[in-house]
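Note that the structure is predicted; figures quoted are calculated from it, not measured.
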Amino acid sequence: MARGVMLMSGGIDSPVAIHYLLRQGHEVVAVHMDNRPFTDDSPLEKVVDHLALLRERYQQPIPLYLVPHGSTQTTLMRETDRHVGCVLCRRFMWRSAERIAEREGATFLATGEALGQVASQTLSNMRTATASVRLPIVRPLIGFDKQEIEAVAKEIGTYSISTRPGVCCQAVPDKPATRSNLIQILREEERVDVDQIVDDCVRRAVIL
Amino acid sequence: MSTPTGSGASGFVNSSHLLPPTGATFVYRKLRLCSNGGGIEAVPDGVLPLDLERIRILLVGRGIPVVDARVMLIVSLDPEVTISKAGRLLFKTPDHAAAKRAFDRLRGWVELPPLESG
């Protein structure tokens, strides 16, 4: 079995995706990209509670890296085209996750994405976002619909945590792009210092 | 009720092409829970073009930390407030009274329109 790094948002999907990875016997390291001040404390609190529940259920340690991402969001909002902000945001999340995977000896990245649920999860945007990393990306929920994911979340007890009130991400543009192309995205990234941003985020990451 | 003039300490834009029609006035609709239930939002009755740079200068001048994300400001009040360029305010608390207090303070500092009455 392999060791993977899982992006956890506090939403419904990511704990369900971890559940499937753990059930198959994989080891998981969790990464939460901390979007404050573009959100409130609730996403982090939800992730902490999700992991407490999953650690108990599977008797696995599941380390959690908390990676500051708010300053990255600010830079992207100031310097790049808002329309593709979600794709750019995801690319930076993946880069941080990959760095942590290297540190943790993990051989894959994972996410709770399911095809077409939100703007960031169209096939076009997923492909563009993940072109920023080299490690394989595992999506245990890729073919699930929302009802199926929610049913499993209720069964494993994470649904009631995920659906607690919270402030949704304020960095999401009013009309996020549902299609993106890599040339355009790379052009946008030329406006910022990618390596410095990722270095800074990973350096400031803490393990909870 | 405030009228957008772009003068004095107002937070309205001073670029004429962004100003609403002459004599137009705005109010904020009643404070209400945001869609995810974790915050209270105030939405103007129309697109209220704010001069975020001017608002930022006014707030920083009062010693209030502000994150400037170009299309929005995040203001370190208690509770924290997001001010969008189109005038929407989001108070990061589900506590209506705390949001109202923050709204009143903010309104006094940057001359935002009032809440609708009733």
task: List the atom of B:C34, the atom of A:G166, and the distance in Å for their closest heavy-atom pair.
output: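 Here B:C34 and A:G166 meet closest at SG-O, 4.3 Å.
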- prompt: Looking only at heavy atoms, what is the nearest atom pair of A:P165 and B:G38, with distance?
  reply: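 Closest heavy-atom pair between A:P165 and B:G38: CB-N, 4.0 Å.
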query: Is chain A contacted by the side chain of B:L90, its backbone, both, or neither, given a heavy-atom distance below 4.5 Å?
result: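 For B:L90, the contact with chain A is made by the side chain alone.
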Enumerate, by atom name, each donor-acceptor pair separated by under 3.5 Å where one atom lies in chain B and the other in chain A.
{"unit_1": "B:N36", "atom_1": "O", "unit_2": "A:G166", "atom_2": "N", "d": "3.1"}
{"unit_1": "B:G38", "atom_1": "N", "unit_2": "A:G166", "atom_2": "O", "d": "3.1"}
{"unit_1": "B:D68", "atom_1": "O", "unit_2": "A:R78", "atom_2": "NH1", "d": "2.9"}
{"unit_1": "B:D68", "atom_1": "OD1", "unit_2": "A:R78", "atom_2": "NH1", "d": "3.4"}
{"unit_1": "B:D68", "atom_1": "OD2", "unit_2": "A:R78", "atom_2": "NH1", "d": "3.1"}
{"unit_1": "B:R70", "atom_1": "NE", "unit_2": "A:M77", "atom_2": "O", "d": "3.0"}
{"unit_1": "B:R70", "atom_1": "NE", "unit_2": "A:R78", "atom_2": "O", "d": "3.1"}
{"unit_1": "B:R70", "atom_1": "NH2", "unit_2": "A:M77", "atom_2": "O", "d": "2.9"}
{"unit_1": "B:R70", "atom_1": "NH2", "unit_2": "A:T80", "atom_2": "O", "d": "3.4"}
{"unit_1": "B:R88", "atom_1": "NH1", "unit_2": "A:Q170", "atom_2": "OE1", "d": "3.2"}
{"unit_1": "B:K92", "atom_1": "NZ", "unit_2": "A:P37", "atom_2": "O", "d": "2.1"}

